[in-house]
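Following this message is one structure expressed as structure tokens.
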Amino acid sequence: MSKPPQLLVGNWKMHGDLSANAAFVAELTAEVSGLACRAALCVPAVYLAQMQVLLSGSRIDLGAQDLSAHEAGAYTGEVSAQMLRDFSVRYCIVGHSERRLFHAESDATVAVKAQRALAVGITPIVCVGESLAEREAGQTEAVVKRQLAAVIQANGHCISEIVVAYEPVWAIGTGLTASPEQAQEVHAVLRSQLKAASSHADRVSVLYGGSMTAHNAAELLAQPDVDGGLIGGASLKAQDFLSLLKAASR
Ligand code: 13P
């Protein structure tokens with residue numbers, strides 16, 4: 001089966017402001033119409049309303065960076081899956097390593113968040129990845145399999161509706177990228193785990209994330225089990241993100 005178009009997702013993390021966002025989208029949408037890849041931007045929750053308007057009618061889908069594990073209720077500061085849906089959110093990152101680390105999100109919480117997203121028709125982008133210490137201890141495969149297993153277990157046959165992002169923690173924001181071979185090795189492990197769980201696992205895009213730029217994207221995206229990228233730093237400037245989209249469209 002030939003590969004579906006690559007999926008490139010920008011994760012702005014805690015960056016952006018009203019005027020910069022508008023300028024970014026104007027610059028981006030002026031050039032994206034002819035590109036072959038799929039693209040989305042995961043923006044801070046407060047900018048979803050603005051970005052929904054700015055991206056409407058464009059080829060760029062809207063994404064969020066997190067959602068509540070609860071459906072509704074007395075959870076001060078939380079944003080529910082249904083609220084995201086109100087703003088035409090198509091994707092939501094769950095289990096990013098920064099949330100696992102700084103907000104103590106467990107595998108079980110991440111699995112419930114994926115469930116909440118799927119329940120309202122949002123595609124969860126489930127992040128998995130090992131720390132440097134875990135890689136050096138030879139635990140990479142065990143760690144990513146444990147993280148994905150929790151999501152598979154909680155989501156059963158819906159698992160073919162998720163997107164997975166392999167983000168080695170040591171490669172995030174460091175300028176250190178996994179080599180194409182290192183990425184492929186882990187992606188192949190994740191792919192076979194998905195295939196064991198669902199006969200429709202071929203539908204699942206498995207993205208690579210961690211210091212991906214226009215310079216290293218082509219080699220990473222050429223790997224058989226790499227279906228796109230989750231991009232932090234290089235999604236903050238429209239021209240950088242555009243260069244990546246172009247690299248993914250070749
Ligand atoms: P960088 O591309 O800045 O390394 O960030 C990757 C990431 O964490 C995307 O979610």
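Both counts, for ligands and for their atoms, begin at 1 and track the order of listing. Fair warning: this is a prediction, and the values are worked out from it, not measured in the lab.
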Legend entry - Residues forming a ring pair (Phe, Tyr, Trp, His ring centres under 6.0 Å) with Y208, sequence neighbours excluded: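 Partners of Y208 under the ring pair (Phe, Tyr, Trp, His ring centres under 6.0 Å) test: none.
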Inset, instruction - Tell me yes or no: between the side chains of H187 and Q223, is some donor less than 3.5 Å from an acceptor? - result: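 Distance-only check fails for H187 and Q223.
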Legend entry - Protein heavy atom at shortest distance from atom 2 (O) of ligand 1: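 Here the closest protein heavy atom is G232 N, 2.9 Å.
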Legend entry - Heavy-atom gap A234 to ligand 1 smaller than 4.0 Å: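 Judged by the 4.0 Å heavy-atom criterion, A234 does not count as contacting ligand 1.
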Legend entry - Sub-4.0 Å heavy-atom contact, G173 with ligand 1: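 Judged by the 4.0 Å heavy-atom criterion, G173 does count as contacting ligand 1.
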Legend entry - Verdict with reasoning, F241 to W12, per ring-ring contact (aromatic ring centres under 6.0 Å, His included): CA-CA 11 Å; F241 193 51; W12 279 2; 8.7 Å; no
Legend entry - Heavy-atom nearest neighbour in the protein, as seen from atom 3 (O) of ligand 1, with distance rounded to 0.1 Å: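 Minimum-distance protein heavy atom for atom 3 (O) of ligand 1 reads G233 N, 2.8 Å.
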Inset, instruction - State whether the side chain of Q6 and the backbone N or O of L221 hold a donor-acceptor pair below 3.5 Å, judged by distance alone. - result: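 Confirmed, Q6 side chain pairs with L221 backbone.
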Legend entry - Subset of ligand 1 atoms that lie under 4.0 Å from at least one heavy atom of E167: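 Counting atoms of ligand 1 from 1, those under 4.0 Å from E167 are 6 (C), 7 (C), 8 (O), 9 (C), 10 (O).
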Legend entry - ligand 1 versus A171: contacting region, heavy-atom distance under 4.0 Å: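 For A171, the contact with ligand 1 is made by the backbone alone.
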Inset, instruction - Heavy-atom contacts with L230 under 4.0 Å: which atoms of ligand 1 show up? List them by number with element. - result: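 Near L230, the atoms of ligand 1 are 9 (C), 10 (O).
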Inset, instruction - Between N11 and ligand 1, find which residue part has any heavy-atom pair under 4.0 Å and reply side chain, backbone, both or neither. - result: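 For N11, the contact with ligand 1 is made by the side chain alone.
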Inset, instruction - Would you check whether T174 has a nitrogen or oxygen atom less than 3.5 angstrom from a nitrogen or oxygen atom of ligand 1? - result: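 Min N/O separation from ligand 1 is not below 3.5 Å for T174.
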Inset, instruction - Answer yes or no: is there a donor N or O on one side and an acceptor on the other, between the side chain of S160 and the main chain of H200, under 3.5 Å? - result: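 Flag not set: sc S160 to bb H200 has no pair under 3.5 Å.
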Inset, instruction - Look only at interatomic distance and state if G209 has a nitrogen or oxygen under 3.5 Å from any nitrogen or oxygen of ligand 1. - result: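 Looking only at distances, the answer is no, because the N/O contact criterion of under 3.5 Å is not met.
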Legend entry - Residue pairs, two or more places apart or on separate chains, that pass side chain to side chain donor-acceptor pair (under 3.5 Å) and touch residues 46-56: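 Sorted pair list: N21-Q50, Q52-S88.
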Inset, instruction - Over all heavy atoms of both residues, which pair between R116 and L67 is shortest? Give the atoms and the distance, please. - result: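 Result for this residue pair: CB-CD1, 4.2 Å.
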